[in-house]
There are 2 protein chains.
Amino acid sequence: MSIQYAILGFLSWKPLSGYDLKKLFAASTVMHWSGNSNQIYRALVELHQQGLVTCEVQPQQGLPARKEYHITAAGQAALRQWVMSAPEPPLLRNTFLVQLAWADQLTAAELDTLLASYEAEMDVHARMMREQAARQLDTPQRTPRERYLWQMINENWISFYETQLAWARAARQASIQEEKQP
Amino acid sequence: MSIQYAILGFLSWKPLSGYDLKKLFAASTVMHWSGNSNQIYRALVELHQQGLVTCEVQPQQGLPARKEYHITAAGQAALRQWVMSAPEPPLLRNTFLVQLAWADQLTAAELDTLLASYEAEMDVHARMMREQAARQLDTPQRTPRERYLWQMINENWISFYETQLAWARAARQASIQEEKQP
DNA sequence: GATGACATGTAATTCGTTACATGATTCC
DNA sequence: GGAATCATGTAACGAATTACATGTCATC
């Protein structure tokens, strides 16, 4: 559902083709979609049917026609409506926690290795996010308000990975303490 | 895939029926599955085919036969193997952040309402998690190690919601500051 | 008489992913 | 010659959810 609104959002910046959108999704780490053509092209057809976008076909020699989608007034209204709608809770699934749930059968060393590799992974992700935020790769600069909003989004992701990282470190420490007092 | 291992994990405690597992999944907030019969019964068939569980049918008068699944030695080995395997990164999708990405068109008041309702939601979740952890509803008490592991799992969830909560508060504050200096 | 627990399962639907198919042009 | 970019799309598959189907027994 919400990928349609994400597309409308991008189109509210400027007219784009399916191919453009695909690249935008693939590039942005914060939009969690993979940028696969299946979803995007189908979503565009649906948005067109609902009258939320119009399609401008630009024939090209040799290449398939470029279909440039423009957001309509109805589309802008629908986007605004959705943006204002009550937020749904974030959905988090961490298979690693399921692994941990039955890690009692591991040795202390094995458990520490496991936690260490999670820690390392979270560290990598946290760094990546911090770098990307610093470069502001996908931060539009239209208004100061918008810049601030995208910074907040980046910070949300950073804080997520940093929290995981801190948790992993604490878990390792606690695990060592546990071991000493059986 | 990993729901099979979660099932094996529960069965490593004691033999259970599909119905039992369904209730366990539905009750535990930390296992993110909804506890729907489709997945569970299919997973049990597959585990049985793989020889990781055995099935003991207990006929009952009036009621459909209760199929009690027992973990096998192969099942225990497979579980251990999986628990030790390299953790995959947690998967987080937060539609609210997508909403925020195009919240520039909202008034300051509307934006604050939006952030406030996210804040409230995260607060509720954080409280729920903290309560559940305090009551240790789904914390098995077999060994001190296992108790500690499940505490860590609970703390992971709590820290997630608390981080989101803190982020929402900071975002609201920053939003107010932004407004004063345009 | 209705609801809910017990207990099994199937069907339909949604969402998302990877891989495939086609075909020209440009760069190394 | 091979890879990457441009540009459209389809097919196959997997994971997960809700809703449906069936039937008994106990409780309110």
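Model, not experiment: these values are computed from the prediction. In what follows, chains are A, B, ... by sequence order, proteins preceding strands, each numbered from 1.
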Phosphate-side-chain proximity, [X] and [N], N/O vs OP1/OP2 below 4.0 Å:
{"X": "Gln39(B)", "N": "dA15(D)", "value": "no"}
{"X": "Lys23(A)", "N": "dC6(D)", "value": "yes"}
{"X": "Gln60(B)", "N": "dA7(C)", "value": "yes"}
{"X": "Tyr41(B)", "N": "dG9(C)", "value": "no"}

Give the rounded distance in Å between these two atoms: [atom1] of [X] and [atom2] of [N].
{"X": "Phe25(A)", "N": "dC15(C)", "atom1": "CZ", "atom2": "C1'", "result": "14 Å"}
{"X": "Gln4(B)", "N": "dA15(D)", "atom1": "CD", "atom2": "C1'", "result": "12 Å"}
{"X": "Ile7(A)", "N": "dG16(C)", "atom1": "CD1", "atom2": "P", "result": "11 Å"}
{"X": "Ile40(B)", "N": "dA16(D)", "atom1": "CD1", "atom2": "C1'", "result": "12 Å"}
{"X": "Arg42(A)", "N": "dA12(D)", "atom1": "CZ", "atom2": "C1'", "result": "13 Å"}
{"X": "His32(B)", "N": "dA16(D)", "atom1": "NE2", "atom2": "C1'", "result": "10 Å"}
{"X": "Lys67(B)", "N": "dC6(C)", "atom1": "NZ", "atom2": "C1'", "result": "15 Å"}
{"X": "Leu24(B)", "N": "dA5(C)", "atom1": "CG", "atom2": "C1'", "result": "16 Å"}

Can you figure out which of [options] approaches the side chain of [X] most closely?
{"X": "Pro64(B)", "options": "dA7(C), dG9(C), dT17(D)", "result": "dA7(C)"}
{"X": "Tyr69(B)", "options": "dG9(D), dA16(D), dG9(C)", "result": "dG9(C)"}
{"X": "Asn38(A)", "options": "dG16(C), dC6(C), dA11(D)", "result": "dA11(D)"}
{"X": "Tyr19(A)", "options": "dT10(D), dT10(C), dT5(D)", "result": "dT5(D)"}

**Prompt:** More 5' along DNA chain D: Ser17(A) or Ser37(B), using each one's nearest nucleotide?
**Reply:** Ser17(A)
**Prompt:** How do Ala65(A) and Asn36(A) order along DNA chain D: which one's closest nucleotide is nearer the 5' end?
**Reply:** Ala65(A)
**Request:** For Gln60(A), look at atom CD and say whether over 12 heavy atoms of other residues, nucleotides or ligands are found less than 6.0 Å away.
**Result:** yes
**Asked** Is the CD atom of Gln81(B) crowded by more than 12 outside heavy atoms at less than 6.0 Å?
**Response** no
**Request:** For Glu110(B) and Thr107(B), indicate whether the former's side chain and the latter's backbone hold a donor-acceptor pair under 3.5 Å.
**Result:** yes
**Prompt:** Base, sugar-phosphate alone, or nothing: which one does Gln61(B) contact when heavy atoms must sit under 4.0 Å apart?
**Reply:** nothing
**Prompt:** With a 4.0 Å cut-off on heavy atoms, is Ser34(B) in touch with a base, just the backbone sugar-phosphate, or nothing at all?
**Reply:** sugar-phosphate
**Item:** Lys/Arg N to Asp/Glu carboxylate O, Glu46(A) vs Arg42(A), below 4.0 Å
**Value:** yes
**Prompt:** What's the verdict on side-chain contact (heavy atoms from CB on, under 4.5 Å) for Ser2(B) and Val98(A), showing C-alpha distance, side-chain angles and the deciding distance?
**Reply:** CA-CA 8 Å; Ser2(B) 76; Val98(A) 183; 5.7 Å; no
